[in-house]
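Quick notes on the structure that follows.
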Number of protein chains: 2
Amino acid sequence: MRVTKRVTIADIAEKAGLSKGAVSYALNGQPGVSESTRQRVLRMALELGWHPNSAAKALSGARSGAFGLVMARSPETLGIEPFFMKLISGMEAAMAASQTALLLQVVADHDTEIATYRRWWAERRVDGVILIDLRRDDRRVAVLEELRLPAIVVGGPGHHGGLPGVWIDDAGVMVVVIEYLAALRHRRIARVAGVAGMLHTELRTQAFDEVSARLGLESTTVTTDYTPDQGAQVTRRLLSSANPPTAIVYDNDVMAVAGVSVAHEMGVDVPGELSIMAWDDSVLCEIVHPPLTAVDRDITAYGRHVAEHLLALLDGQQVTDFESQPPRLVVRGSTARPVNP
Amino acid sequence: MRVTKRVTIADIAEKAGLSKGAVSYALNGQPGVSESTRQRVLRMALELGWHPNSAAKALSGARSGAFGLVMARSPETLGIEPFFMKLISGMEAAMAASQTALLLQVVADHDTEIATYRRWWAERRVDGVILIDLRRDDRRVAVLEELRLPAIVVGGPGHHGGLPGVWIDDAGVMVVVIEYLAALRHRRIARVAGVAGMLHTELRTQAFDEVSARLGLESTTVTTDYTPDQGAQVTRRLLSSANPPTAIVYDNDVMAVAGVSVAHEMGVDVPGELSIMAWDDSVLCEIVHPPLTAVDRDITAYGRHVAEHLLALLDGQQVTDFESQPPRLVVRGSTARPVNP
DNA sequence: CTGAAAGCGCTTACAG
DNA sequence: CTGAAAGCGCTTACAG
């Protein structure tokens with residue numbers, strides 16, 4: 001089927017001997033046409049290779065048919081984590097069904113991100129947005145509320161104002177992780193965290209502190225920018241201290257791998273002298289030596305839930321906060337009872 | 001500046017005491033209004049927080065203001081390589097200046113990708129597209145030509161029909177890499193390649209074969225799906241052969257890291273018994289032990305060039321194939337003269 | 001240099 | 001159940 005000229009409803013109307021209005025009703029499942037007419041119109045549309053002109057559709061009051069996602073990250077740290085690609089691919093799975101496109105913008109900071117939201121709103125570019133990398137007292141939330149731009153926040157629980165959030169229980173699995181390490185007789189546990197100020201970083205730290213205190217562990221948290229470089233440097237410092245930890249929990253896989261490298265470099269045996277754990281399991285965790293014990297989150301499902309909730313929101317449904325599937329602990333060779341606790 | 005109602009050119013026209021047409025001319029830098037009027041209109045538009053309604057603009061014949069990018073990859077392999085995130089962030093740098101958005105779609109295969117192009121074309125969703133993961137005799141090229149959808153191909157040189165390509169000279173740097181390894185006295189070199197059928201994989205393999213033949217080396221290439229899992233398996237097989245290679249060149253960083261792990265696991269010293277090289281340098285290459293010698297490509301610049309060329313194409317300029325900056329070899333601790341060549 | 005008007009391709013009240 | 005018409009917010013010939 002060679003299509004070289006765009007087909008409009010006028011073409012269909014002419015061919016069907018109907019008015020454009022009738023064709024529109026038929027195509028959109030609106031009342032106003034008989035079932036037989038509707039079927040005839042739908043068949044013709046398919047034959048002619050008709051697709052609605054998205055601009056015309058959007059201009060006449062319907063949706064733009066697009067969601068927006070702004071990533072305020074530096075190009076350096078963007079590629080590091082597979083998280084976003086998985087999230088996006090999960091979202092698209094849900095969006096494909098409703099013919100919704102994803103508009104992606106990479107910016108440097110929150111100011112530009114907010115300017116993007118204002119522009120998208122004024123341009124009527126998107127029907128809704130996905131907010132990621134939530135912080136405490138996040139300015140972006142108020143802007144989206146002010147614009148009444150439908151939005152779903154990836155993260156929480158809490159700190160996203162009146163916007164519905166879809167979240168994963170990181171705090172809960174942190175308790176599981178630390179209790180497991182404590183059961184292995186670890187008494188000094190360090191946490192190499194992600195970016196300070198991000199809500200998910202803080203929620204994990206808080207849970208880490210609480211469970212450590214409850215179990216009477218010596219615990220310390222260091223924040224980083226997620227790069228393996230900082231992961232390596234922090235690990236070197238931790239292992240050089242007078243009383244080095246016997247277990248380190250990293251906030252992503254590449255830092256954990258960096259940690260393993262530093263242990264090798266310093267002659268520290270993993271897991272004999274040092275247990276290592278990574279957040280967000282990945283193929284990388286499976287192939288390093290030893291393979292890493294990790295927290296596994298179903299990020300594709302997470303993305304799917306996010307998109308589904310935004311679609312429901314646009315559908316006028318009542319949307320409340322939603323907890324995506326809880327993470328699980330995958331135990332591999334990088335964690336063990338310490339030789340010298 | 002609280003903006004809660006969208007401003008249109010009618011608002012500006014009324015406030016300025018002009019017709020909508022005059023306002024449009026003023027805003028778009030068209031002749032037909034005096035310079036002083038233009039300035040006044042521009043000032044008002046800024047004050048009122050006006051942005052053109054993208055649907056109206058697109059519908060009245062102008063551009064949609066969006067580029068499309070389809071990624072036909074499985075969710076599993078999507079997150080593995082930082083390549084695409086870097087490419088996208090480079091593209092956006094160039095697109096931001098011209099207020100162009102990026103439409104991203106993740107699909108399973110070329111059929112769905114082609115259907116997406118046809119739909120985008122019919123919907124007038126995008127002004128042009130970026131074609132990635134080029135193959136020999138790529139069906140997608142003919143479809144884009146048929147639709148006359150402006151497109152830039154990421155890859156080549158060659159095999160992209162009449163569409164302009166932006167490429168990086170992988171073959172050239174492959175020669176540099178192998179000559180370097182040969183100069184170190186390596187005689188048996190293996191290559192763990194990416195997906196068979198991708199043009200860049202084949203061009204690298206071809207260059208690898210040619211230079212190996214010229215230098216009289218024993219060379220072998222194995223293709224993979226880019227996952228560290230396959231990287232590890234292939235490495236295990238190579239190192240188990242009767243005459244194992246003394247150097248292995250990997251097509252991405254995660255497979256190279258997997259290779260290092262397998263070497264450790266099998267007690268093979270890197271770089272004493274085995275030299276390891278990765279394509280596409282990354283933070284990961286820097287932090288493993290030993291740090292990896294790697295081919296470094298400026299992917300952000302690559303993305304910027306791609307977007308610039310698509311913008312030029314839409315601008316009606318004559319656009320020809322373009323070679324982005326050549327890669328360079330970054331030598332680190334994973335390559336050395338072999339102990340037993 | 002400026003204004004009035006048609007048109008892009010849809011949707012949606014409003015009559016019949 | 002169907003048709004004629006207005007309108008979404010722009011752009012762009014066409015008169016003046």
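Labels below follow one simple rule: chain letters A, B, ... track the order of the sequence lines, proteins then strands, and each chain is numbered from 1. Predicted model only: the values in this text are computed from it and were never measured. Worth knowing before you read on, the calculation uses all heavy atoms, side chains too, and leaves out hydrogens, waters and symmetry mates.
Judged purely by distance below 3.5 Å, without hydrogens or angles, the side chains of B:His159 and B:Arg136 pair a donor atom with an acceptor atom.
A:Glu146 has a carboxylate O that lies under 4.0 Å from a charged side-chain N of A:Arg118, or vice versa, which qualifies the two as a salt bridge. Classification of A:Arg63 and A:Asp315 as a salt-bridged pair holds, one side-chain N sitting under 4.0 Å from a carboxylate O.
Rounded to a whole Å, the CZ atom of A:Arg124 is 18 Å from the P atom of C:dC10. Rounded to a whole Å, the CD atom of A:Glu123 is 13 Å from the C1' atom of D:dG9. What separates NE2 of A:His51 from P of C:dG9 is a distance of 16 Å, to the nearest Å. Put simply, CD1 on A:Ile9 is 14 Å from P on D:dA4, counting in whole angstrom units. In this structure, A:Arg40 places its CZ atom 14 Å from P of D:dC1, rounding to the nearest Å. Here C:dC10 presents its C1' atom at 13 Å from CG of A:Asp11, a figure rounded to the nearest Å. Between the CZ atom of A:Arg125 and the P atom of D:dG9 there is a distance of 16 Å, given to the nearest Å. Between the OH atom of B:Tyr25 and the P atom of D:dT12 there is a distance of 8 Å, rounded to whole Å.
Nucleotides of DNA chain D nearest to A:Glu35 and A:Lys20 differ in position, and the one nearer the 5' end is that of A:Glu35. Where B:Leu59 and B:Thr37 each meet DNA chain C at their nearest nucleotide, the meeting point lying more 5' is that of B:Thr37. Position along DNA chain D of the nearest nucleotide to A:Ala22 versus B:Ala56 favours A:Ala22 as the more 5'-ward residue.
Base contact: B:Ser24 has a heavy atom under 4.0 Å from a base atom.
Applying the 4.0 Å criterion to OP1 and OP2 of C:dG9, one finds that A:Thr8 has every side-chain N and O outside that range. A close approach under 4.0 Å does not occur between any side-chain nitrogen or oxygen of B:Asn53 and OP1 or OP2 of D:dC8. At least one side-chain nitrogen or oxygen of A:Gln30 sits closer than 4.0 Å to the OP1 or OP2 atom of C:dT12. Distances shorter than 4.0 Å separate none of the side-chain N or O atoms of A:Ser19 from OP1 or OP2 on D:dT2.
Look at C:dA13: it lacks any Watson-Crick or wobble partner with both distances under 3.5 angstrom. Across all strands shown, nothing is found opposite D:dA4 as a Watson-Crick or G-U wobble partner with both distances under 3.5 Å.
In this structure, OG1 in B:Thr8 is found 9.5 Å from CD in B:Glu14, a value given to the nearest 0.5 Å.
Checking C:dC10, D:dT11, C:dC1 against the side-chain heavy atoms of A:Trp50 singles out C:dC10 as nearest. The side chain of B:Ser60 lies closest to D:dG9 when the candidates are D:dG3, C:dT11, D:dG9.
Side-chain atoms of B:Val143 and B:Trp121, non-hydrogen and from C-beta on, never get closer than 4.5 Å to each other.
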